[in-house]
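One-based numbering along the sequence shown. These values consider heavy atoms only, across backbone and side chains, with no hydrogens, waters or symmetry-generated copies.
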Amino acid sequence: MKRSFTMLIMLIVFLLFTTGCWNRRELNELAITLAIGLDSTRDGQYLVTAQVVNPGEVSQGKGGGGSGLSPVVIYQAKGKTVFEAVRKMTKESPRRIYPSHLRMLVIGESLAKKGIGKPLDLLSRDWEMRSDFYITVAKGMNAEDILKVPTALEKIPANNLFDTLEVSEKAWAGTSAVTLDELIADMVSDGKRPVLTGIQADIKGDEETSLSKQNVEMINPPARVKYGNLAAFKKDKLVGWLDEKQSKTYNVITNKEKSTVVNIPCPKGGKAVYEVKKSNTEMKGKIKNGKPEIDLNVRVEGNVGEVECHIDLTKPETFEKLEEIYEKETEEMFKKAIKQVQENEKVDIFGFGEAIHRADPKAWEKLKKDWDKNFENLPVNIKVQGEIRRVGTVGNSFLKKIK
């Protein structure tokens with residue numbers, strides 16, 4: 001009897017600490033949102049665009065064909081705050097906007113110029129939001145124009161944008177996949193300014209056809225979405241666009257370059273391609289004669305990816321000459337790109353300020369008050385060391401035999 005009473009008490013205590021799913025979310029009540037666009041309107045409000053998955057079209061039970069409807073639906077609303085606009089979407093959407101699986105956030109250029117800090121507050125504060133989605137800026141257009149373009153290889157446009165940015169960052173190094181945490185960290189840093197990758201929608205011909213399902217039924221779709229170069233920010237405001245060489249220089253200096261290709265001139269004319277396979281940049285800051293200075297040591301390993309000239313790849317001196325040319329060309333490109341950012345954008349996107357802070361915290365306390373001004377005249381010393389590892393599956397090019 002005593003044992004049964006003890007077990008009953010334990011059961012009651014156990015039930016007291018067992019809670020139900022008080023905050024559960026039923027799937028048939030949620031609008032799974034994979035992409036969000038933020039724009040500013042002429043009357044000072046936010047225009048929020050949500051790309052929502054159409055579950056009936058992407059479910060496996062349809063045999064891949066579905067009913068011919070679009071795999072995503074666009075919902076839009078305006079509001080004085082982003083949160084207000086999102087809640088207003090319920091006037092049109094039968095389900096509540098649910099952004100926990102968000103993959104892409106696209107910000108219109110006009111809003112980026114005004115400042116993205118305030119609209120990002122909701123995304124960083126909402127407990128339902130993950131921070132591993134990528135953020136881009138729509139160059140010369142609104143974010144809504146990007147999210148309305150159907151894509152071919154991926155049924156869901158948001159997945160297409162996400163995967164394309166990842167592939168481009170790994171293979172080309174002219175783009176950068178930036179997450180919310182990375183963006184906010186750079187926005188609040190005294191020694192590094194943020195960058196975001198630009199994105200554009202190229203729409204040719206009739207817009208109604210280009211933005212319909214017919215777009216993905218063509219071999220050469222009249223509407224395409226493609227990534228461009230990087231956008232530079234001062235705190236939370238867009239201040240300028242980098243060109244291709246400046247964008248690649250940024251990724252090399254910040255150790256985000258994974259792979260890319262570089263055209264280099266051959267010793268006797270023509271050109272070859274240096275395929276970068278591994279890159280590492282060592283950045284050191286110092287105070288010299290009371291002024292800040294940066295030393296960059298870039299180590300690169302790569303392969304000969306293509307040969308369009310007459311060179312003998314069986315001789316070691318040929319590799320030494322190609323490495324020397326690559327090092328010289330790359331050093332000049334980096335120096336020019338950094339100088340252009342100093343003169344045009346006037347913001348330290350490379351993190352040189354953080355390097356000075358690590359090297360001399362006391363000196364940094366004085367310099368950080370006007371670091372963007374100090375950055376404009378900051379001396380940067382660059383040393384590039386390139387090494388060729390492989391030449392591919394063949395030695396000398398067959399071009400030597402048909403000259």
Side-chain angles (χ1 to χ4, degrees), residues 23-59 66-67 69-112 114-138 141-151 154-162 179-180 183 199 201 207-208 211-213 223 225:
N23 63 341
R24 70 183 184 275
R25 300 287 189 271
E26 299 294 343
L27 284 176
N28 61 355
E29 298 175 354
L30 302 175
I32 306 299
T33 304
L34 296 187
I36 289 178
L38 299 179
D39 292 303
S40 61
T41 63
R42 292 182 179 180
D43 56 358
Q45 297 191 79
Y46 294 108
L47 172 63
V48 181
T49 304
Q51 190 181 100
V52 176
V53 175
N54 185 349
E57 283 303 299
V58 296
S59 63
S67 60
L69 300 177
S70 172
V72 294
V73 181
I74 294 292
Y75 290 107
Q76 289 183 297
K78 295 180 182 180
K80 294 181 180 179
T81 63
V82 175
F83 207 169
E84 179 186 36
V86 171
R87 286 298 178 90
K88 278 186 176 181
M89 290 182 188
T90 57
K91 297 194 301 181
E92 181 182 4
S93 172
R95 303 182 181 188
R96 189 170 70 84
I97 300 299
Y98 188 67
S100 286
H101 299 283
L102 190 69
R103 307 209 81 184
M104 294 297 305
L105 172 65
V106 183
I107 301 171
E109 183 171 351
S110 60
L111 176 59
K114 294 178 181 178
I116 61 176
K118 291 180 180 179
L120 288 181
D121 179 80
L122 168 65
L123 302 181
S124 63
R125 186 179 302 276
D126 191 346
W127 65 273
E128 290 183 338
M129 293 284 295
R130 296 183 344 198
S131 60
D132 58 350
F133 55 88
Y134 294 148
I135 306 174
T136 61
V137 179
M141 58 181 56
N142 289 332
E144 62 170 327
D145 299 326
I146 303 295
L147 299 187
K148 291 179 180 178
V149 177
T151 54
E154 294 286 347
K155 290 185 66 176
I156 299 177
N159 289 340
N160 184 84
L161 297 180
F162 184 92
T179 63
L180 179 63
L183 176 59
I199 187 171
E207 185 172 320
E208 183 177 347
L211 300 182
S212 69
K213 189 181 177 184
V225 175

List for me each residue that meets side-chain hydrogen bond (donor to acceptor under 3.5 Å, both in side chains) alongside [X], sequence neighbours excluded, and say none if there are none.
{"X": "Ser131", "value": "Asp181"}
{"X": "Arg42", "value": "none"}
{"X": "Arg130", "value": "Asp132"}
{"X": "Asp126", "value": "none"}

Could you go through residues 70-81 and list every donor-acceptor pair under 3.5 Å that involves a side-chain atom there, pairing it with any protein atom two or more places apart or in another chain?
{"residue": "Ser70", "atom": "OG", "partner": "Val72", "partner atom": "N", "Å": "3.3"}
{"residue": "Ser70", "atom": "OG", "partner": "Val72", "partner atom": "O", "Å": "2.7"}
{"residue": "Gln76", "atom": "NE2", "partner": "Thr49", "partner atom": "OG1", "Å": "2.8"}
{"residue": "Gln76", "atom": "NE2", "partner": "Glu144", "partner atom": "OE1", "Å": "2.8"}
{"residue": "Thr81", "atom": "OG1", "partner": "Glu84", "partner atom": "N", "Å": "3.2"}

Backbone N/O of Thr90 and side chain of Ser93: donor-acceptor pair under 3.5 Å: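 Side chain of Ser93 to backbone of Thr90, a donor-acceptor pair under 3.5 Å: no, none is there.
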Donor-acceptor check, side chain of Ser100 to backbone of Met129, threshold 3.5 angstrom: yes or no?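 Pair absent, no side-chain N/O of Ser100 close to backbone of Met129.
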CD1/Ile199 to CD1/Ile146 distance, rounded to the nearest 0.5 angstrom?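 Separation between the atoms: 5.0 Å.
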Under the 6.0 Å and 45° cation-pi test, does Arg103 pair with Phe162? yes
A side-chain contact here means heavy atoms from C-beta on lying under 4.5 Å apart; do [X] and [Y] qualify?
{"X": "Ile36", "Y": "Met104", "result": "no"}
{"X": "Leu111", "Y": "Asp39", "result": "no"}
{"X": "Val225", "Y": "Asn160", "result": "no"}
{"X": "Val53", "Y": "Leu34", "result": "yes"}
{"X": "Thr136", "Y": "Leu105", "result": "no"}
{"X": "Phe133", "Y": "Thr179", "result": "no"}

My understanding is that only residues two or more places apart in sequence, or in another chain, count here; which of them pass ring pair (Phe, Tyr, Trp, His ring centres under 6.0 Å) with Tyr46? none
